[in-house]
Structures are given as structure tokens and as C-alpha cells.
Participant: 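Before I ask anything, here is the structure I am working with.
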Amino acid sequence: MTDDERREISEKAKAEAGIDHRLATLEKTVSGIQTVMTWGVRTIWAAAAYLAAQLWDFIASGGAIK
């Protein structure tokens, strides 16, 4: 095996390792974004349920502002 062949193999291995590392980092980032979006949607639904309950209590108590 010549030095040129070794260098070529080494460059290919480095390029593949770089792509694998970037892909793994991207997957972690996407996973983090999905987690944030999931909790964001849960928070919005919880806030909507709370406001609906407060509105129901207001209407059930006669709907008059005290």
C-alpha cells in the first residue's frame, strides 16, 4: 500500500466521521426541538383548560363582575 492510498483512505474515513458526527448532532438538536414543542403544546392546552374552567365558574356564579 502506498502513501497516497493510505492518505486517500484516511481522508475518506475523516470525511465519513465528520458526516456521522454532524448527523448525530442534528438528531440530538431535532430531538430537543421536539421536546420543547411538545411541552409548549401541553402548556397551551393546560392554559386553555384553566381559562375555560375560570370562564365556567364566572358564568355559573351569575356572570356579574363584582
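Values reported hereafter were calculated over all heavy atoms of this structure, with side chains retained and with hydrogens, waters and symmetry mates removed.
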Participant: Hey, what else clusters with Ile33 if you join Ile, Leu, Val, Met, Phe, Trp, Tyr whenever side-chain heavy atoms sit under 4.5 Å?
Facilitator: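 ILVMFWY cluster around Ile33 also holds Met37.
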Participant: Pair up each side-chain donor or acceptor in residues 49-56 with any protein partner under 3.5 Å, not counting sequence neighbours, and list the distances.
Facilitator:
none

Participant: Any salt bridge between Lys12 and Glu8, counting N to O under 4.0 Å?
Facilitator: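 Yes, charged N to carboxylate O under 4.0 Å.
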Participant: Quick check: do Gln34 and Val30 have side-chain heavy atoms less than 4.5 Å from each other?
Facilitator: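 In contact.
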Participant: Does Arg42 make a cation-pi contact with Trp39 (under 6.0 Å, within 45 degrees of the axis)?
Facilitator: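 Yes, a cation-pi geometry holds between Arg42 and Trp39.
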Participant: Given 3.5 Å as the limit, does a donor-acceptor pair link the side chain of Ser31 with the main chain of Glu27, or not?
Facilitator: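 The answer is no, because no donor-acceptor pair under 3.5 Å joins these two groups.
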